[in-house]
Amino acid sequence: MKLNELYQTIILEHYKEPHNVGELLNADIESRGYNESCGDDVRLFVKLDDEKKIDEIRFKGKGCAISQSSTSMMTDAIKGKTIDEALLFVDSFKSMLKGEKQFSDEGDYEELSSLKGVLEFPVRVKCATLSWNTVRNGLLQFKSKENETTKVATTIHDEE
Amino acid sequence: MKLNELYQTIILEHYKEPHNVGELLNADIESRGYNESCGDDVRLFVKLDDEKKIDEIRFKGKGCAISQSSTSMMTDAIKGKTIDEALLFVDSFKSMLKGEKQFSDEGDYEELSSLKGVLEFPVRVKCATLSWNTVRNGLLQFKSKENETTKVATTIHDEE
Amino acid sequence: MFNTEKIISDFPILQRKVNGGKRLVYLDSAATSQKPLSVIKAMDDYYRLYNANVHRGVYSLGYEATEAYELSRKKVAKFINAQTENIIFTRNASEAINLVASSWGRANFRSGDEILLTPMEHHSNLIPWQLIAQQTGAKLKFIPLIEPGILDIEQLPQLISEKTKFVSVVHSSNTLGTINPIEKIISHAHAYGAKILIDASQSVPHFSVDVQKLDCDFLVFSGHKMCAPTGIGCLFGKTELLDAMPPYMGGGEMISEVQLEFSSYREIPWKFEAGTPNISAAIGLGVAVDYLSSLGMYNIRQHEIELTNYALSVLQEVDEIEMYGPTENRGGVISFNIGDAHAHDVSTILDEDGICVRAGHNCTQPLVRWLGVPAVARASFYVYNTKEDVDALAASLKKVQEVFSFAAAK
Amino acid sequence: MFNTEKIISDFPILQRKVNGGKRLVYLDSAATSQKPLSVIKAMDDYYRLYNANVHRGVYSLGYEATEAYELSRKKVAKFINAQTENIIFTRNASEAINLVASSWGRANFRSGDEILLTPMEHHSNLIPWQLIAQQTGAKLKFIPLIEPGILDIEQLPQLISEKTKFVSVVHSSNTLGTINPIEKIISHAHAYGAKILIDASQSVPHFSVDVQKLDCDFLVFSGHKMCAPTGIGCLFGKTELLDAMPPYMGGGEMISEVQLEFSSYREIPWKFEAGTPNISAAIGLGVAVDYLSSLGMYNIRQHEIELTNYALSVLQEVDEIEMYGPTENRGGVISFNIGDAHAHDVSTILDEDGICVRAGHNCTQPLVRWLGVPAVARASFYVYNTKEDVDALAASLKKVQEVFSFAAAK
Ligand SMILES: Cc1ncc(COP(=O)(O)O)c(C=O)c1O
Ligand SMILES: Cc1ncc(COP(=O)(O)O)c(C=O)c1O
């Protein structure tokens, strides 16, 4: 049944107890994502270490089970990556959610592949991608500002 | 054939050589009618005598055969009438053009009954009524200004 | 008598099966209603038989189109007890409000003037006033809300004063179902010389509205929520106000004499209808009005009251449900949440059973914020809904609970 | 190859008999075109199968509607070689022009600024500029006309200067058929930093238009003149301009975050689409674009050139006819008068033979005044017209002469 695929236990667990929730006061990157059609709103805080690796990442915001769990898993998976690694990782995950790439359940993607049920619910895909687009925007903006350790607040809407 | 009914010789004669064309410099009433959907534009000038009878009436403006001939015949028919007689006359003619009253070919209406072909062409009825509404508006405005001998310029659009 | 079976058979879409053979249970009529066959056919006939531009052609086709278009205006006028010339066709309720805010507002608002609204307005009756307030220096004020989602009209005397130039209030809330005491608000507004607009988007489709009895200055609604096609809405305005207002848009149809440097405009209603109108949808709206009138607005209201009361009592039994809005004197709209489940997830799960409910903020963000929740799910009823639909909803909500297994989590 | 027989069979209305069995000869496509079955069916299907509001529902029906609506935008974008987000759906061309005049104009025009137009504009590309000029103190200027109804673009260097903030020009005249040298006007405008809008109402339906090649800042057209339903039009605008413009209308769909006192808006194109859009007509427009593309815009243009040349030569033989507009490089529109007969009478007489032509000023009063006549009759062609239609017109014009018997009068 499609619904069981969508609402796998692991997703509901992340929904009920999401990881990495909160704010970071001295974040290097702050990025906000907003899905106008449903009101989902996510704010991401990223702290980089000296080697520009993601040292800490937190998020705030209310949303549906899909968006909350996707965000929670994303923050787990992205920690420790460099900016460029993280960007590649985001793009690769987005390709999977577009159905352009097979979901892999190896390595970093293991948990994340529980989100593949979303493919059967096209209208929910943006719930799953919201935080990924948000972190991507933040990382890109940070790069374009040439690594100045400055806060960038970007808002995206309703993407893909 | 419907068209022959519409374009009777008498109508075409009035179209080609309309009566009472021109302006009156010292008109008591000036009234303008405008049919936006086709651009027909008629200006009426009315001079009253001491007994408030219509002494002279002239018109200016370009329009189709129906509107020109209707205006021409109207000016002929209305001359010599008092304001109230003229208003009654106008209403009665308008009723005929609405199909609410039979066309009479007696008395004043003789020539005018040549316009009854218009009843078969509902879209052209406003061509026939334009100048009648225009003179009516002018007379009414004059009355409402309590017979002050003043020029009233009224514009009506596209009526009935 | 209200023959729902017959009514359902009037709506082709309700014969459709979804998600592998499931009956379509459409509970989102507050967003847009379904269309009866007579309306669909009226549009079809127009395009197959007499499509032509209006107010322009001397030929018969153009005349037929113009007559049909203007006949619809007459029907709509009669439906809300207005004069024909006071009905302006717009794209939707939103455009009608923008027209008033922009045309009346720009001509009349001065810095310091006040516009009185409520926190339960649809965005369409909020943003246009924010925009014109920014441009003119007018200020927005709001009639506060009290539990369970009604206006605190006791505060009107403190809120309305000579400074109040305009009041704009929703008749029936699309999120809470609240039917506002607009008669009182209208007389308060008029006592201070303020003009008042009623957003009747959720009332005109559902019960009889009489603009003369109400004595409102403006009233707006959308066709697509009352069995008519998309792309047509109405503005009612009083003659003296409309006459005095500058045109909203310029273009063909709305003019009288045009010179290169200036123009004069047609009389109302055409002064406010620039360019080729949505002829087919206007004709569809006329037929929709016929359809609703044939059912009877009184009967429609009774049907919805019955259904809403039934739904309130059935849904109450659903575990962990929270419903919003008053329990009495309300329209057929029920917003709710189930435990921790997000409204989106609720909607997705119901959709699997062929049940369509809205999820989110329903274009009323400030109101949903006032409710203190991130989103709501909303079921709304119309002429074709039945108690079976409500039962289907309640049954499917059990699945939501299974998926989110609250019991286990507690 | 252009198979007119097949094309005629695509249009249900053209099977209709009028005035007692006469074939319908529809020669008023410049006012509004007829609709092919595929477009009529697309609307019908929408209402029978997946009618739901867009950008709102999480349920499948709402998703289907949203996808279809947005797919149409993509198709339209491709049709004029634009990016999807640069296509804003409006009610018609008139609204699109009003949107730009009002939103861009209010934000940018200062007293003394100049707006350059032409005397051959449709009222819809004149009145909006008169209105915003009155409000901002900007001044209108006009590129003069020379015989036989073309723009005197030699004068452009004297007319455009740093003061020129905006230029708005019709691509192809709906009264004369003149196709204007907009490429030259666009580059002149840009040389002085002026923005330029192209009224493509009579070009996009008839030949291939490429906004990137043209490099125009804005371009507008109406769906109903290109086989689509009434109530849908398009505004193309360059991203940086649209991004910087304030919203035109406020309401649902166009917002992002809404607080009681202020709001933020969605990105383009949605920022400019307030309220429930005309979903069914937008979907119809997408199908109309498919239809026109399947015929091929190049073929359509060739067909119309052939037909227009044929008509010019056949009508030339009609006694006492006067035709207006250039003989070369023109669209399929022929305005004319016959002797002393008024255009209305001409239209009525033709109508008796089932022939629909427009009579009056065609919403171009200043241009008809320039022609020095009270009105014109106008025949205009589209994909479904044939040489037989032209022959029927010519034959019927003989009747006009009989009725008015010029020969006798002379
Ligand atoms: C050149 C031109 N511009 C603008 C318009 C206005 O189009 P609409 O009435 O669809 O807004 C028309 C058609 O009437 C036209 O021919
Ligand atoms: C109360 C209310 N007002 C205004 C609107 C706006 O209607 P539309 O989107 O048709 O302009 C709606 C519907 O969405 C509504 O429910």
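Basis for what follows: all heavy atoms, side chains included, without hydrogens, waters or symmetry-related copies. Residue numbers start from 1 in every chain, and the chains themselves are labelled A, B, ... in the order their sequence lines are given, proteins ahead of strands.
With a 6.0 Å radius and a threshold of 12 heavy atoms from other residues, nucleotides or ligands, B/Lys60 has its NZ atom at or below the threshold. Atom CD of C/Glu240 is surrounded by more than 12 heavy atoms from other residues, nucleotides or ligands within 6.0 Å.
Rounding to the nearest 0.5 Å places CZ of B/Phe121 at 8.5 Å from OG of C/Ser60.
With a threshold of 4.5 angstrom between heavy atoms, C/Glu253 approaches chain B through N, CA, C or O but not through any side-chain atom.
The ring-ring contact (aromatic ring centres under 6.0 Å, His included) check on C/Phe109 picks up C/Trp104, with sequence neighbours excluded. Not counting sequence neighbours, the partners of C/Phe89 by the ring-ring contact (aromatic ring centres under 6.0 Å, His included) test are C/Tyr69.
Closest approach of C/Val58 and B/Val123 over heavy atoms only: O-CG1, 3.0 Å.
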